[in-house]
Number of protein chains: 2
Amino acid sequence: MSEQLDPEMFSACGNVVLPMRTHNKWAFRIMVCLEPGRRRFSELRIPLREITPKVLAESLRAMERDGLVTRTAYPGVPPRVEYELTDLGRSLLGPMRVWCRWAEEHLPDLVAARESYDTAV
Amino acid sequence: MSEQLDPEMFSACGNVVLPMRTHNKWAFRIMVCLEPGRRRFSELRIPLREITPKVLAESLRAMERDGLVTRTAYPGVPPRVEYELTDLGRSLLGPMRVWCRWAEEHLPDLVAARESYDTAV
DNA sequence: CAGGATCCGCTTTGATACTG
DNA sequence: CAGTATCAAAGCGGATCCTG
């Protein structure tokens with residue numbers, strides 16, 4: 001076995017390991033939607049079916065705040081707003097793909113573990 | 001620009017892309033703590049300072065349910081319980097490291113974006 | 001069309017105290 | 001030691017209605 005864990009292990013990194021804790025439910029998918037190019041608000045709503053406009057707007061604003069997407073509003077009627085990944089946002093696509101590949105590969109195991117755990121109780 | 005987004009894009013994958021949505025605040029750190037080897041409940045509490053026993057117990061049980069850790073209770077007094085990563089859990093360390101490397105590299109950008117966004121409002 | 005405002009409820013997180 | 005019980009607070013997601 002190994003020695004004691006360092007008590008200061010995490011003292012330097014606030015939420016460093018997981019900066020996108022909140023607004024995650026949709027952020028991943030939104031980024032996937034934006035990967036091929038810029039999209040309008042209502043275009044995003046189509047694949048994200050169950051999302052309400054409020055939540056989509058909130059998620060996009062949080063992502064804009066984090067510098068992951070840009071929001072461009074074109075004046076005029078009807079209004080038009082487009083969202084696009086920033087360089088920072090695009091740099092996240094790599095790690096995301098790694099994560100997704102893990103999920104594709106191992107999700108059945110996880111689901112199976114969950115089921116056997118639940119039936120055992 | 002690109003064509004319309006496929007409305008069925010996500011219809012097949014429930015929460016596939018992010019299976020560990022909840023219980024994430026601590027799960028990442030717990031996995032880091034368990035990487036070198038098995039640990040007892042109270043050993044884990046040391047680096048995870050602010051965590052309450054209740055939340056640690058909950059997080060560990062959720063991770064056990066997902067097949068990421070095993071829980072081994074040794075009978076006797078005083079009680080002793082040890083937690084250890086499963087193969088499935090260990091398989092997640094790679095993707096996690098990728099994610100952490102991104103965070104180390106780009107978190108300053110993200111924080112800066114956040115600050116400039118906040119002062120702009 | 002792209003959201004903002006309001007209200008509501010579930011879930012997650014936490015502080016504190018207690019127990020086999 | 002390794003948790004559980006209880007209570008309280010916050011976060012998160014959604015329904016509905018409204019507006020420039």
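So that the names make sense, note that chain A is the first sequence line, chain B the second, and so on, each numbered from 1.
- The side-chain contact (heavy atoms from CB on, under 4.5 Å) test with A:Cys33 is passed by exactly one of A:Leu44, A:Leu85, A:Ile46: A:Leu44.
- Residue contacts shown for A:Tyr74 are absent, as no nucleic acid heavy atom lies under 4.0 Å away.
- The aromatic rings of A:Tyr83 and A:Phe41 are tilted relative to each other, their planes meeting at an angle between 30° and 60°.
- Within the helix from C:dC1-D:dG20 to C:dG20-D:dC1, the inter-axis angle between the opening and closing five-pair segments is 50°, rounded to 10°.
- Distance B:Arg38 CZ to D:dA2 C1': 17 Å, rounded to the nearest Å.
- Comparing C:dC1, C:dG20, C:dA2 by their closest approach to the side chain of A:Pro78 singles out C:dC1.
- The two residues A:Pro53 and A:Arg45 have their closest heavy-atom pair at CD-NH2, 3.7 Å.
- Without hydrogens or angle criteria, A:Glu64 side chain to A:Arg61 main chain gives no donor-acceptor distance under 3.5 Å.
- Proximity of A:Arg40 to the phosphate of C:dA2: a side-chain N or O atom is located under 4.0 Å from OP1 or OP2.
- Taking the side chain as every heavy atom from C-beta outward, B:Glu50 and B:Trp26 approach each other to under 4.5 Å.
- Using a 4.0 Å heavy-atom cutoff across all strands shown, B:Arg61 reaches sugar-phosphate atoms only and no base atom.
- Taking each heavy atom of A:Thr119 and A:Ser116 in turn, the nearest pair found is OG1-O, 3.2 Å.
- Separating the CD atom of A:Glu82 from the C1' atom of C:dA2 is a distance of 13 Å, rounded to the nearest angstrom.
- The CD1-C1' distance, from B:Ile30 to D:dA2, rounds to 15 Å in whole Å.
- Remark: side-chain polar atoms of B:Ser59 are not paired, donor with acceptor, to backbone N or O of B:Ala27 under 3.5 angstrom.
- Applying the 4.0 Å criterion to OP1 and OP2 of D:dG3, one finds that B:Arg71 has a side-chain N or O inside that range.
- At whole-Å resolution of the value, CZ in B:Phe41 and C1' in D:dA2 are 6 Å apart.
- Separating the CG atom of B:Leu60 from the P atom of D:dA2 is a distance of 11 Å, rounded to the nearest angstrom.
- Straight-line distance from the CG atom of B:Leu56 to the P atom of C:dT13: 13 Å, rounded to whole Å.
- Contact between the side-chain N/O atoms of A:Arg80 and the OP1/OP2 oxygens of C:dA2 is not found at any separation under 4.0 Å.
- Between the B:Glu43 side chain and the B:Arg40 main chain, a donor and an acceptor come within less than 3.5 Å of each other.
- The nearest pair of heavy atoms linking B:Ile30 to B:Leu56 is CD1-CD1, 3.8 Å.
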Pairs: protein N or O with nucleotides 14-16 of chain C N or O, under 3.5 Å:
residue, atom, partner, partner atom, Å
C:dG14, OP1, B:Lys25, NZ, 2.5
C:dG14, OP2, B:Trp26, NE1, 3.3
C:dG14, N7, B:Lys54, NZ, 3.0
C:dG14, O6, B:Lys54, NZ, 2.1

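- Separating the CG atom of A:Leu48 from the P atom of C:dG3 is a distance of 14 Å, rounded to the nearest angstrom.
- D:dC1 atom C1' lies 12 Å from atom CD of B:Glu43, rounded to whole Å.
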